[in-house]
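See structure below.
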Amino acid sequence: MTAANAETILKSSHLLGIEALSVGEITSLLDLADSYVALNRSAKKKTELLKGRTLINLFFEASTRTQSSFELAGKRLGADVLNMAVKTSSVSKGETLIDTATTLNAMRPDILVVRHPDSGAAELLSRKLDCSVINAGDGSHEHPTQALLDALTMRRRGRKFEGLIVAICGDVLHSRVARSNIQLLLKMGARVRLVAPRTLLPADAERFGVEIFHDMKKGLEGVDVVMMLRLQLERMAGAFVPSTREYFRFYGLDAEKLKRAKPGALVMHPGPMNRGVEIDSAVADDIEVSVIQEQVEMGVAIRMAVLDALSRGLAREGRNAP
Amino acid sequence: MTGSNRTGRIAFRNARLIDPAAKLDAKGGLLVENGRIADVGPRLFNDAEANDPEIVDCKGLVLAPGLIDMRVFTGEPGSEHRETLESASLAAAAGGVTTIVVMPNTDPVIDEPSLVDFIRRRAAATAKVRVVPTAALTKGLAGEVMTEIGLLTEAGAVAFTDGDRTISNTRVLRRALAYASTFGALVVGHAEDPDLSEGASVTEGEYAMRLGLPAAPAAAEAIIVERDIRLVEMTGARYHFGQISTRASLDAIAAAKKRGLPITCSVAAHNLALNELDVGSYFTFMKVKPPLRSEEDRAAMLEGVASGLIDAIVSGHDPQAADTKRQPFAQAAFGAVGLETLLPVVLGLHHDGRTSLSLALRTLTSAPARILGLNAGTLAKGAPADLVLIDPDEPFSVREDELRSRARNTPFEGRKFHGRAQQTYVGGECVFDRKKAR
């Protein structure tokens, strides 16, 4: 299937962010991911596309969901997958990063998936390593595969990006998911609204080319998609918002607020959810509107597509060629 | 420091003499005797005198007072792997800088008379240029207890500063300023609200948002500038803002100067030459304090220099070891070396038509000398023969492997400039000659 027509999909040998991707690259990745959704739903889920290739999952932040999604994607494509969880000490995070990079390089991996609490960490690693680097989340910067899987979810639900209105709600300030999604959606022709109190929005957020709403009811008026962001628990203790109950009252998604959106609007969340903080359980579990479980399924498919696309680059450049 | 009892005569002929202190910009010659300027004038040595032991034919190049850099961080004592007084002085000499004012942010902090004495003795024994120590304004730079301003002044500290730290306790600062004014001591402040800028690595704005970097608003600077101006008004202390970088700060300082307050300010060369976009893809050599600002703020700094509102330009020289810079941006150390790029950046202001050569050089000579009360920064007869011979047009590219500084964290790697120092003299002794340099 996909291995046969191995045309180039990505110009770069890394996936560090949505920012550098073209509309064509994004569309091709989504098309490729569609084929992997079909494969994943069949009985024989495994291919040999990445046979002999080594994929390392390097996670400086715990993330069961993203890490297992990449692991499964790698294994289904036949790669050898190594999971490395690195405990970062607060004193020498960076030292660990560079040292780990040097060590890893010597193991000659083909693809490195990295999650790190600092913005720019994936980029730094891509400069130090000879393999392809996939950014699985760096600080508050980008989380490109999340934005791609969200786009795939919307597209498979029959939504066309052109003119689509998407409200991204919650902690935009600290969110890499928001940054990647904003850029992807704008590139694809969608309209983006950000809904949050001022303390959770970056200064100059409107310069992204988005609309800003502080009143969630107004912000959800007529939207096609409601994308909720996770509020980190440590942000809630009076520093950014006064309390969880106040936050839920004004910015939590419940059935009442959701009524403002277009009938049949999709509800999305990157997970893991804080029920009763940013999203009401009834909404999250309503299979009529919530596509949260679908997002997880699309996550595996999109990561297979990304691994597939990057491995074509590996073959092309003859790097680490078996 | 170099010996001052030299009897050697040096005759400079065929020079373009620029002495901003005397508003002099004319062809002429200069005579050095016993480490001092013995004579200077347009007709001096028009015909070379063969019996002069040393004649330097300047070939029309600029001969100016040696530069004074008001803001230099070194690693001595405590972090000699970053920079020693000696290595900083070599960088200074190559940059045409004959006086460096060193910050007290060392380990231990320079907050005792004996440590000021240590700096002076180490400098006398090892440094090629004049080293002028400052002392901490508060003990241990902790912002709590003022230092012995009187005794430290007697020991030779020319100013009191917590370097790149802002004193957040307004009451402590008020008392320190009031006490300093008793001795007529100069206080050099750093303006960055410590709470607003805690954990921040860049200036807040669209670019920081795109990079997802922790950022502090530009107003964090003006908030402190305005606070400190109020305190100067209350106490009458002589106060210098060590490194400003925003239009709002400049506006506040302009108003304060208009009211006649004893306030001066300087800007770092990199804040004149670079803006927030130079951070690029997380380039940690661009991580400085205060951060690189918006283009609008950078333009305000250039205007401030041209109008004379900004008194001095400094390098803010802050050497950092490679391992503290080769980090994710938020973890990387602040600081950029700048002694060797200070003059080229300032000459750039002249080349861009923003200032005359004389005004540009004033920010590095007579202005800092006046603020600090130093007998330097002039070509007047009897002044120490601290001189720099400048080719203002020589094109060159900055190469980090050619820097004299022990650390290589220059934000100008690969950048093209026009003009730099050719020879540097301290007390009549040649401490740098580009022709003989490696």
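Within every chain, numbering begins at 1; the chains are lettered A, B, ... in the order of the sequence lines, protein sequences first and strands thereafter. Since we're looking at a predicted model, the values are computed, not measured.
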Rounded distance [0.5 Å steps], OG in A/S140 versus CZ in B/R210:
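If we round to the nearest 0.5 Å, A/S140:OG and B/R210:CZ are 15.5 Å apart.
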Measuring from A/D204:CG to B/E204:CD, what's the distance to the nearest 0.5 Å?
7.5 Å
More than 12 heavy atoms of other residues, nucleotides or ligands under 6.0 Å from CZ of A/R65: yes or no?
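Yes, enclosed.
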When you look at CD of B/E198, are more than 12 heavy atoms from neighbouring residues, nucleotides or ligands closer to it than 6.0 Å?
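Counting other residues, nucleotides and ligands, CD of B/E198 stays at 12 neighbours or fewer.
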Let me know if A/Q183 has heavy atoms under 4.5 Å from chain B in its side chain, its backbone, both or neither.
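For A/Q183, the contact with chain B is made by the side chain alone.
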Between A/R127 and chain B, which part of the residue has a heavy atom less than 4.5 Å away: side chain, backbone, both or neither?
side chain
Side chain proximity check, B/L211 to A/S119, heavy atoms < 4.5 angstrom:
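Side-chain contact under 4.5 Å: no.
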Check against side-chain contact (heavy atoms from CB on, under 4.5 Å), B/Y282 and A/D118
CA-CA 11 Å; B/Y282 304 99; A/D118 285 315; over 6 Å; no
Give a yes or no answer on whether the side chain of A/R179 reaches the backbone of B/M209 with a donor-acceptor pair at less than 3.5 Å.
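Yes.
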Interface residue of largest heavy-atom contact number with chain A, from B/G205, B/A332, B/A208, under 4.5 Å
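Sorted descending by pairs with chain A, the first entry is B/G205.
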